[in-house]
Engineer: 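The structure under discussion is supplied below as structure tokens; questions concerning it will follow.
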Amino acid sequence: MNKKTVKDVDVKGKVVFCRVDFNVPMQDGKVTDDTRIRAALPTIQYLIENGAKLLLASHLGRPKGQVVEELRLTPVAKRLEELLNKPVKKVDEAYGEAVKAEIANMQEGDVLVLENVRFYPGEEKNDPELSKAFAELADLYVNDAFGAAHRAHASTAGIAEHLPAVAGFLMEKEINVLGKALENPDRPFTAIIGGAKVKDKIGVIESLLDRVDNLIIGGGLAYTFVKALGHEVGKSLLEEDKIELAKSFMDRAKEKGVNFYMPVDAVVADDFSNDANTKVVSIDSIPSDWEALDIGPKTIETYNEVIQNSKLVVWNGPMGVFEMDTFANGTKAVAESLASAENTYTVIGGGDSAAAVEKFGLAEKMDHISTGGGASLEFMEGKVLPGVKALENK
Ligand SMILES: Nc1ncnc2c1ncn2[C@@H]1O[C@H](COP(=O)(O)OP(=O)(O)OP(=O)(O)O)[C@@H](O)[C@H]1O
Ligand SMILES: O=C(O)[C@H](O)COP(=O)(O)O
């Protein structure tokens with residue numbers, strides 16, 4: 001990564017405005033998955049140990065510029081306090097006099113969690129006034145919020161215009177791992193793309209076609225490709241307006257010598273329900289009033305072989321409706337295959353695939369699970385992320 005990090009600057013005695021992505025799932029006022037908080041700990045601990053006065057800023061949910069009581073960062077600060085095993089203060093504002101008064105009382109190594117930055121309308125508009133108000137609090141800006149780096153907001157981009165701006169360790173690691181996959185991958189390099197819609201994955205498929213040796217397609221989006229091959233897909237997910245595009249992707253794969261894998265069989269159901277009647281059918285025999293909700297056993301076998309023979313695999317999007325146990329087999333099999341592949345570096349591209357890997361208890365076995373859903377997807381599309389662009393070059 002060609003960006004400066006916290007190691008390139010002196011942080012001792014400095015007030016540091018550190019943007020993190022603490023957008024974590026919560027239920028009844030408690031954090032239910034602290035992965036993103038734990039992922040930011042190396043940067044937080046480094047700043048504490050090196051004598052910074054640390055302000056932590058994050059968004060939580062999508063409050064749309066208003067105060068939403070359930071989206072305060074108070075429970076997150078509490079969880080952080082437990083993880084750090086040291087007192088963490090929380091203020092109910094993200095800038096202004098009340099925050100400045102708290103900062104005036106801070107000692108080196110103290111941590112202050114600011115309020116949800118999306119309570120202010122200026123955040124998502126990247127309002128220069130709000131950026132300045134954030135910057136006024138601090139001497140240095142650190143961005144460790146890879147998960148929000150695809151957003152050009154006041155606390156992820158604008159603020160960097162007013163302060164020295166460097167990356168945290170999580171940001172550095174994400175960019176290094178995903179960047180290596182794009183620029184200098186170990187081969188054979190395989191990408192597995194699943195999820196619901198072709199529409200959401202056009203950019204990433206286009207970018208990957210130039211880079212991978214094997215492209216594996218699964219999930220709901222696969223059935224638009226199945227249709228493009230001339231097969232009927234029954235009630236499966238289908239984007240009529242993307243059939244031609246799917247065809248062109250398959251043609252381009254052939255031209256570029258990319259091995260293109262799609263399901264050869266599927267688990268079909270007579271209802272979108274865990275209790276539906278199901279059967280396994282060959283991909284050219286999906287009954288007209290059934291829908292394909294998972295990949296079938298022959299497909300799993302092939303995908304497993306490709307994974308085992310790869311040096312690098314990047315995975316984004318589930319193979320089926322994994323939230324329902326009846327249709328979780330394909331996604332679970334891919335996760336297990338990745339977990340057991342010994343000479344394969346495995347990268348999970350955030351979002352639902354990361355949730356699936358967690359659900360199956362296989363997270364520890366993966367080499368890198370990105371903390372960014374949308375961010376990792378945009379990064380793999382080859383886009384420059386505004387939150388990264390805003391940081392100082394080395
Ligand atoms: N065959 C299928 N039919 C219908 N829905 C499917 C099928 N396969 C997967 N899905 C659904 O796709 C959804 C995930 O796709 P989506 O594109 O939203 O997420 P993703 O690719 O993991 O990206 P992110 O979570 O980062 O936005 C899951 O909810 C899953 O149930
Ligand atoms: O959960 C995420 O992907 C990030 O925190 C970004 O959230 P957003 O999609 O609401 O900007």
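When a ligand or atom number is given, it counts from 1 through the structure's own listing order.
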Engineer: Within a 6.0 Å radius of atom CD on E323, are there more than 12 heavy atoms belonging to other residues, nucleotides or ligands?
Structural biologist: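 Yes.
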Engineer: Looking at atom 3 (N) of ligand 1, what's its closest protein heavy atom, distance included?
Structural biologist: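 Answer for atom 3 (N) of ligand 1: L293 CD2, 3.7 Å.
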Engineer: Below a 4.0 angstrom heavy-atom separation, can you tell me which part of S236, side chain or backbone, both or neither, approaches ligand 1?
Structural biologist: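 Under 4.0 Å from ligand 1, S236 contributes no heavy atoms.
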Engineer: What pair of heavy atoms forms the shortest contact from M366 to T346, and how long is it?
Structural biologist: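 Closest approach of M366 to T346: CA-OG1, 3.5 Å.
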Engineer: Under a 4.0 Å heavy-atom limit, does L237 contact ligand 1 with its side chain, its backbone, both, or neither?
Structural biologist: side chain
Engineer: Return yes if a side-chain donor-acceptor contact under 3.5 Å exists between K4 and N393, otherwise no.
Structural biologist: no
Engineer: For ligand 1, which is the ligand I care about here, please tell me if D352 has any N or O atom under 3.5 Å from one of the ligand's N or O atoms.
Structural biologist: yes
Engineer: For atom 27 (O) of ligand 1, decide whether some protein heavy-atom distance is shorter than 4.0 Å.
Structural biologist: no
Engineer: Between the side chains of S376 and E174, does any donor sit under 3.5 Å from an acceptor?
Structural biologist: no
Engineer: May I have the step-by-step check of side-chain contact (heavy atoms from CB on, under 4.5 Å) for Y223 and I283, ending in yes or no?
Structural biologist: CA-CA 9 Å; Y223 303 96; I283 212 66; 4.1 Å; yes
Engineer: Can you establish whether the number of heavy atoms outside K332 located under 6.0 Å from its atom NZ is more than 12?
Structural biologist: no
Engineer: Between the side chains of R19 and S155, does any donor sit under 3.5 Å from an acceptor?
Structural biologist: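 Looking only at side-chain atoms, S155 and R19 do form a donor-acceptor pair, the distance falling under 3.5 Å.
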Engineer: In the protein, which heavy atom is nearest to atom 17 (O) of ligand 1, and how far is it?
Structural biologist: A196 N, 3.2 Å
Engineer: Can you confirm, on distance only, whether ligand 1 has an N/O atom lying under 3.5 Å from any N/O atom belonging to F322?
Structural biologist: no
Engineer: Which protein non-hydrogen atom lies closest to atom 10 (N) of ligand 1, naming both residue and atom, and how far is it?
Structural biologist: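 Of every protein heavy atom, G320 O, 3.9 Å lies nearest to atom 10 (N) of ligand 1.
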Engineer: Around E232, counting heavy atoms of other residues, nucleotides and ligands shown, do more than 12 lie under 6.0 Å from its CD?
Structural biologist: no
Engineer: Give a yes or no on this: more than 12 heavy atoms of other residues, nucleotides or ligands lie within 6.0 Å of atom CZ of R62.
Structural biologist: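 No, because the 6.0 Å sphere around CZ of R62 holds 12 heavy atoms or fewer from other groups.
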Engineer: Just heavy atoms, cut-off under 4.0 Å: does N316 contact ligand 1 by side chain, backbone, both, or neither?
Structural biologist: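 It is the side chain that touches ligand 1; the backbone stays farther off.
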Engineer: May I ask you to check whether over 12 heavy atoms, not counting those of K100, lie within 6.0 Å of atom NZ?
Structural biologist: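 More than 12 within 6.0 Å, yes.
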Engineer: Got a sec: does the NZ of K389 have more than 12 other heavy atoms crowding it under 6.0 Å?
Structural biologist: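 At most 12 heavy atoms, drawn from other residues, nucleotides or ligands, come within 6.0 Å of this atom.
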Engineer: Using heavy atoms and a threshold below 4.0 Å, how should the contact between E323 and ligand 1 be classified: side chain, backbone, both, or neither?
Structural biologist: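 The answer is the side chain of E323.
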Engineer: Report the nearest protein non-hydrogen atom to atom 5 (N) of ligand 1: residue, atom name, distance rounded to 0.1 Å.
Structural biologist: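 Ranking protein heavy atoms by distance from atom 5 (N) of ligand 1, first comes V321 CG2, 3.6 Å.
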Engineer: For ligand 2, list all ligand N or O to protein N or O distances below 3.5 Å, rounded to 0.1 Å.
Structural biologist:
residue	atom	partner	partner atom	Å
ligand 2	1 (O)	N23	ND2	3.0
ligand 2	1 (O)	R36	NH1	3.0
ligand 2	1 (O)	R36	NH2	3.3
ligand 2	5 (O)	D21	OD1	3.2
ligand 2	5 (O)	D21	OD2	2.9
ligand 2	5 (O)	N23	ND2	3.0
ligand 2	5 (O)	R36	NH1	3.3
ligand 2	5 (O)	H59	NE2	3.0
ligand 2	7 (O)	H59	NE2	3.3
ligand 2	9 (O)	R62	NH2	2.6
ligand 2	9 (O)	R151	NH2	2.8
ligand 2	10 (O)	R62	NE	2.8
ligand 2	10 (O)	R62	NH2	3.3
ligand 2	10 (O)	R118	NH1	2.8
ligand 2	11 (O)	R118	NH2	2.8
ligand 2	11 (O)	R151	NE	2.6
ligand 2	11 (O)	R151	NH2	3.3

Engineer: Look at ligand 1 and say whether Y223 reaches it with a heavy atom at a distance under 4.0 Å.
Structural biologist: yes
Engineer: Quick one: does F272 get an N or O within less than 3.5 Å of an N or O on ligand 1?
Structural biologist: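 N/O-N/O distance under 3.5 Å: no.
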Engineer: Please report which non-hydrogen protein atom sits nearest to atom 1 (N) of ligand 1, along with the residue it belongs to and the distance in Å to one decimal place.
Structural biologist: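 Going by distance alone, atom 1 (N) of ligand 1 is nearest to A292 O, 3.1 Å.
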Engineer: Only heavy atoms of K201, strictly under 4.0 Å: list the atoms of ligand 1 that pass.
Structural biologist: 17 (O), 20 (P), 21 (O)
Engineer: Return yes or no for this condition: an N or O of G220 is under 3.5 Å from an N or O of ligand 1.
Structural biologist: yes
Engineer: Sequence neighbours left out, what pairs pass side-chain hydrogen bond (donor to acceptor under 3.5 Å, both in side chains) with at least one residue falling in residues 286-296?
Structural biologist: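 Found none.
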Engineer: Assess, by modelled atom type and distance only, whether the side chains of T326 and N274 contain a donor and an acceptor separated by less than 3.5 Å.
Structural biologist: yes
Engineer: Relative to the ring of F134, is the ring of F17 parallel (under 30°), tilted (30 to 60°) or perpendicular (over 60°)?
Structural biologist: tilted
